[in-house]
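Below is one structure; the comments refer to it alone.
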Amino acid sequence: MEATMSGASLWVLGLLACTAISALPLPSSEMVDPESTRARATRRAELRLTGTVAAFALGAVATTWALGRGQWALVWPIAVALGVATLLIHPWLLVRWVAIPLRMPRLAYTLSRLGGYPWVRDPDGGAVLSGALAIARKAEHDHEAAAWLRDRLRGAPLRGAGIVAAGLLAADAGDRDRARALIASLELLDPDLCPPLARSLAQDWLIADDASDGRWSQIAGTADEMPGVSRTARFFAVAARRIAGIEARSVGTLVHRWLVAPRRIRTAPLLGRALVVRETEPELPRIDPRLVSVLPANDGGAAHVEPVSLHLEATSEPHVHERAVTRIERLGRAWDEAFAGFEMRRRIRERTNALEGWASGELATARLQRDVSFDLAELVSRSGTEDLATAASPRSMLGRAREALYDERLDDVIEACVEAQKRRQPIEVPARLDAWADILEVQARYGALVRIAQPDERRQAFAIVELELRQMAAWFWNDLHERGLANAVSTWLLLEAERVRDHESAAYHRHNIALVV
Amino acid sequence: VSTRSPRSHPPGESAVRRFTHNAFHVLDLPVDASAADVRRQAARLVDRLVNSDPGACRYDTPVGPRVRDAAMVQRAATQLRDPDERVQHEIWAAVPRRDATPRAVLVEGSPGWPGAPAAFGWRRR
């Protein structure tokens with residue numbers, strides 16, 4: 001009788017706890033808007049907690065009741081039922097340890113749809129991400145399952161986990177550029193829109209991609225002491241610092257991180273490679289023979305032979321990133337000197353007269369200047385030496401190259417804006433992911449443009465981009481109800497508006513990002 | 001040789017085309033070749049290419065040998081007939097041709113590690 005009473009009391013207490021958790025108002029004034037993403041995520045977490053408490057309370061009551069009646073045989077079924085209930089409330093346990101290792105994307109998705117940790121902030125995207133993780137473990141890309149998962153993503157709200165899932169699926173299909181753009185865009189989102197595990201997976205993928213291509217310096221810059229960084233990523237960060245020659249005295253940390261990271265057999269080759277890196281003595285810079293073996297320069301030939309020879313070397317160089325600054329700077333100077341002198345102009349004038357063409361010698365020279373500036377623009381763009389062109393005098397050949405490159409990149413920005421605008425047409429079926437990719441494309445092209453733009457040009461370009469992205473943000477907020485993405489766009493616009501000192505635009509976007517997402 | 005904008009050709013190609021597609025190189029002619037030389041050489045090359053002469057399709061450029069066809073030869077001859085075009089080609093033909101591709105320069109820095117995705121539990125590339 002006493003046991004039954006205490007069991008009943010426990011049951012009532014459990015029920016009261018569940019009711020209290022469900023009925024309590026949202027805890028923060030930031031969540032006044034019950035439709036906000038943060039409020040919804042909090043509500044989902046509370047309901048999950050309610051379910052857990054209810055299941056355990058019920059289990060405790062049932063166990064007490066069974067023991068009070070001496071029914072020991074009932075304890076095991078109760079324990080099994082409690083276990084099943086726990087798995088249903090927290091399906092990640094099954095997804096993490098069964099569906100993903102067994103490479104079952106549909107099962108991973110279906111179980112994850114039940115909700116719970118770790119996708120509370122993005123249950124739809126998280127379910128797709130679970131499936132994408134299962135696909136990523138398969139020996140071959142599973143086109144059918146990937147298409148099925150992409151369909152699931154299409155109709156769902158787009159949050160952090162969904163963006164990472166789309167990126168992983170794109171990478172799995174071989175589209176690394178799109179994957180990188182999507183996964184890197186996580187930085188633009190409000191942290192509340194992205195489950196921490198999705199963020200960690202995104203960082204892992206970027207590190208793996210960088211390591212595959214040998215971008216060790218980039219990995220070395222990983223903030224590996226921050227929470228949420230995976231153990232493997234921490235190991236990669238130390239290894240990359242040694243390989244890139246940034247930090248040589250870290251053998252103990254390297255070995256320790258390798259030991260605590262999973263998949264030690266697979267990471268052993270990287271450990272070996274990082275261990276053999278020795279601290280090198282600083283040595284005097286060696287003169288690159290390629291820089292002194294310029295074919296023409298010293299034989300006193302025609303004035304245009306030197307710049308043309310340097311032009312040839314620069315354009316046909318197999319690895320343009322090496323010594324690019326020196327090479328392009330020298331090339332620009334050689335052309336400046338050739339165009340400033342009389343010899344080349346005289347030669348062109350004599351030849352145009354001798355050949356009796358329509359164009360004068362000056363026109364032929366102007367055409368040559370234009371062609372050279374286009375080539376220099378291409379070389380600067382290819383080698384990432386925009387700083388060199390930006391610092392050059394506007395009248396020099398590198399300055400003209402900068403103008404040519406600016407025009408080209410401005411065209412690119414406008415083209416991307418037009419594409420984004422098409423997405424908003426009513427005849428288009430709203431595809432959140434594609435619209436987001438369009439915005440990323442606009443931002444990427446604008447980023448390339450500002451590397452070559454003067455301050456006033458940057459302001460002009462921002463006006464074009466702002467006009468388009470402002471409408472995209474409004475469309476995301478009002479029509480697609482993607483508050484998080486709208487907020488991310490507005491935040492980016494605010495930062496850029498402040499950089500170009502567009503105070504009116506900054507005030508507008510500051511107001512927008514103050515709205516609860 | 002001339003391009004209308006930096007985007008006339010795929011990225012990284014328009015600059016090097018000034019050397020690989022220079023009309024004097026395509027026709028195997030010196031820059032002081034006369035109009036009659038151009039006409040004769042173009043006709044000879046087209047004839048050899050149409051008859052599938054194996055030696056005719058290869059020509060030397062400052063960046064090593066390249067492959068030509070009859071259309072390229074005719075285009076080069078047309079360009080050299082235009083005095084304004086010819087002046088530009090003469091300037092860009094100032095560097096000598098090579099009969100072998102220049103030796104590739106060794107890559108500096110540490111190479112990538114293809115096993116990186118597998119270290120995170122994902123499929124290798």
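Per chain, numbering begins at 1; letters A, B, ... match sequence-line order.
- Looking at every heavy atom in both residues, B/G112 comes nearest to A/R273 through O-NH1, 3.6 Å.
- When heavy atoms are compared at a cutoff of 4.5 Å, A/F235 does not approach chain B at all.
- Inter-residue side-chain proximity for A/R266 and B/F120 is flagged as unmet; no heavy-atom pair is nearer than 4.5 Å.
- Put simply, the side chain of A/E313 does not reach to within 4.5 Å of the side chain of B/P62, judged on heavy atoms.
- A heavy-atom distance below 4.5 Å is not found between the side chains of B/W113 and A/S212.
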>> Run the side chain to side chain contact (heavy atoms under 4.5 Å, CB included) test on A/R367 and B/E85 for me, step by step, so that the C-alpha distance in whole Å, both residues' side-chain angles and the decisive distance to 0.1 Å come before the verdict.
In response: CA-CA 10 Å; A/R367 179 177 160 185; B/E85 282 285 330; 2.9 Å; yes

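- With a 4.5 Å cut-off on non-hydrogen atoms, A/S230 touches chain B through its side chain but not through its backbone.
- Going from atom CD1 of B/I91 over to atom CG of A/L368 covers 4.5 Å, rounded to the nearest 0.5 Å.
- Residues A/F236 and B/A116 come closest through the heavy atom pair CE2-CB, 4.0 Å.
- For a residue to count as touching a neighbouring chain, one of its non-hydrogen atoms must lie under 4.5 Å from one of that chain's; by this rule A/D411 does not touch chain B.
- To the nearest 0.5 Å, atom CZ of residue B/R17 and atom OG1 of residue A/T315 are 13.0 Å apart.
- In this structure, A/H304 and B/A94 approach most closely via the heavy-atom pair NE2-CB, 3.6 Å.
- Contact tally against chain B (heavy-atom pairs below 4.5 Å) for A/A136, A/S217, A/A171: the top residue is A/A136.
- Proximity to chain B (any heavy atom under 4.5 Å) is shown, for A/A354, by neither the backbone nor the side chain.
- Contacts between A/I100 and chain B at a heavy-atom distance below 4.5 Å are absent for every atom of the residue.
- Counting heavy atoms from C-beta on, the side chains of B/W92 and A/L312 never come closer than 4.5 Å.
- Residue A/T267 comes nearest to B/A119 through the heavy atom pair CG2-CB, 3.5 Å, listed as atom of the first residue, atom of the second, then distance.
- Considering only heavy atoms from C-beta on, B/Q88 stays 4.5 Å or farther from A/R351 through its side chain.
- Remark: the backbone N or O of B/W122 is not paired with any side-chain donor or acceptor of A/R137 at under 3.5 angstrom.
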